[in-house]
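Computed from a predicted model, the values in this text were never measured in an experiment.
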Amino acid sequence: MESKKELEVELEEIAMVEEDKEKEDQKKETKAEDVEEGNIYTTLTSPSEHEYGSPSSTRSYAVNKDTSIDIHRKLRVYRIVSLVLLVISVLFLIVVLVLLMKLTGKQPCQEVEQVVTPPLEQECSLEKCQEFHQLPQRQCNDCGKDWLRFENTCYFLSQNRLNWQQSRKECQRKGGDLAVITNERVQMYLSKKGNLKYWIGLNNLGGNQWTWINDTVLTVRYWGDTSFPGECAILAGNEPPERSWHPSSCSFYLQYICQKM
């Protein structure tokens with residue numbers, strides 16, 4: 001009798017377990033059907049996942065903070081790049097100015113004597129010329145203020161007017177004498193430098209023959225109009241150099257050309 005009761009109890013327990021299992025299976029099937037049908041009213045696993053839930057303030061603040069940091073970093077990079085470009089531009093400008101000054105600056109004194117072409121008018125002091133070329137004083141001397149240098153000779157074209165005798169005395173006071181023109185180069189040079197009428201060291205005071213004040217023989221002549229009487233010669237700088245000499249009275253007041261070595 002007892003074994004029969006025990007068997008009945010076991011059968012009831014088995015039936016209850018199977019019934020519970022069937023209920024669980026039915027629940028699972030119901031949930032699966034709801035998922036397949038896309039039921040939007042399905043209970044969410046977390047309240048924060050509700051589609052109508054309020055957004056998280058912590059997350060928004062973190063995003064805004066990161067964006068602000070990125071903007072500041074970019075601005076800092078832009079400023080550094082701009083500063084570097086500015087410095088490079090300033091350095092480039094300084095280099096250009098230095099090169100421009102070197103290209104447009106005055107060159108050292110040129111040599112006084114040249115082999116091929118006649119030397120040009122020099123604009124250097126005695127000390128600079130001797131230091132640069134290491135030449136003796138006779139090849140690189142300083143003519144002085146208002147004097148012009150040409151072929152180792154210094155010339156002075158006056159602005160004031162004197163007669164021939166006074167002009168010669170003034171030239172002697174300056175350490176020279178009236179100009180003596182012995183070649184075409186000097187004649188062309190003095191004619192181009194002056195545009196007035198100047199006394200030169202040529203006269204015929206001792207007779208009918210024209211002579212230089214240093215008793216040099218008159219070998220080259222650049223006479224123009226000789227119809228006017230006179231014992232002293234003038235050079236007309238405003239006339240063609242080939243015929244710019246004219247006789248004139250020694251008492252006239254004219255400019256003069258001095259010469260010294």
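- Taking 4.5 Å as the limit, some side-chain heavy atom of Phe150 sits within range of a side-chain heavy atom of Arg185.
- Residues Leu218 and Val220 fall within the same hydrophobic cluster, defined by Ile, Leu, Val, Met, Phe, Trp and Tyr side chains chained together at heavy-atom separations under 4.5 Å.
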Might you work through the side chain to side chain contact (heavy atoms under 4.5 Å, CB included) test for Arg168 and Gln172, ending with a clear yes or no? CA-CA 6 Å; Arg168 185 176 185 188; Gln172 291 174 346; 3.4 Å; yes

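- Pro240 is linked by a side-chain contact (heavy atoms from CB on, under 4.5 Å) to Glu242, Arg243, counting only residues two or more places apart in sequence or in another chain.
- You'll find the side chain of Phe252 stays beyond 4.5 Å of the side chain of Lys197, heavy atoms only.
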Residues Lys260, Thr153; criterion side chain to side chain contact (heavy atoms under 4.5 Å, CB included); working and verdict: CA-CA 6 Å; Lys260 68 178 181 179; Thr153 304; over 6 Å; no

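- Residues satisfying the salt bridge (Lys or Arg N to Asp or Glu O under 4.0 Å) test with Arg76, not counting sequence neighbours, are none.
- Criterion: ILVMFWY side-chain heavy atoms under 4.5 Å apart, direct or through other members. Under it, Leu205 and Leu162 are part of a common hydrophobic cluster.
- Residue Ile200 is not grouped with residue Met188 when hydrophobic side chains (ILVMFWY) are merged at heavy-atom distances under 4.5 angstrom, including chains of intermediate members.
- Taken from CG in Asn214 to CG in Leu178, the straight-line distance is 11.0 Å, to the nearest 0.5 Å.
- We find the CG-CG distance between Asn195 and Asn238 to be 7.0 Å, quoted to the nearest 0.5 Å.
- Between Tyr256 and Tyr198, a ring centre-to-centre spacing not shorter than 6.0 Å is recorded.
- Looking at Ile181 and Leu235, their side chains come closer than 4.5 Å, going by heavy atoms from C-beta outward.
- Between Val180 and Gln259, some side-chain heavy-atom pair lies under the 4.5 Å cut-off.
- Under the 4.5 Å side-chain criterion, counting only non-hydrogen atoms from C-beta, Asn183 is in contact with Glu151.
- Linking ILVMFWY residues whenever their side-chain heavy atoms come closer than 4.5 Å, directly or via other members, leaves Val84 and Phe92 in distinct clusters.
- For His246 (side chain) and Ile234 (main-chain N/O), no donor-acceptor pair under 3.5 Å exists by modelled atom type.
- The side-chain tip of Lys193 does not point at the ring of Tyr155 from less than 6.0 angstrom away and within 45° of straight on.
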Test side chain to side chain contact (heavy atoms under 4.5 Å, CB included) on Leu91 and Val95 and set out the steps. CA-CA 6 Å; Leu91 293 177; Val95 172; 5.6 Å; no

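- Neither Met101 nor Leu93 shares a network with the other; the hydrophobic side chains, linked directly or stepwise wherever heavy atoms of I, L, V, M, F, W or Y lie under 4.5 Å apart, form separate groups for each.
- Side-chain contact, Ser244 with Gln187: a donor N or O sits under 3.5 Å from an acceptor N or O.
- Counting non-hydrogen atoms of neighbouring residues, nucleotides and ligands closer than 6.0 angstrom, the CD atom of Glu184 reaches no more than 12 such neighbours.
- Annotation: the span from Gln209 atom CD to Asn204 atom CG amounts to 9.5 Å, rounded to 0.5 Å.
- The ring-ring contact (aromatic ring centres under 6.0 Å, His included) analysis of residues 207-233, with sequence neighbours excluded, yields the pairs Trp210-Trp223, Trp212-Trp245, Tyr222-Trp245, Trp223-Trp245.
- Looking only at distances, no side-chain donor or acceptor of Gln255 sits under 3.5 Å from a matching main-chain atom of Arg161.
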If you apply the rule side chain to side chain contact (heavy atoms under 4.5 Å, CB included), what do you find for Leu202 with Cys232, and how did you get there? CA-CA 6 Å; Leu202 183 63; Cys232 298; over 6 Å; no

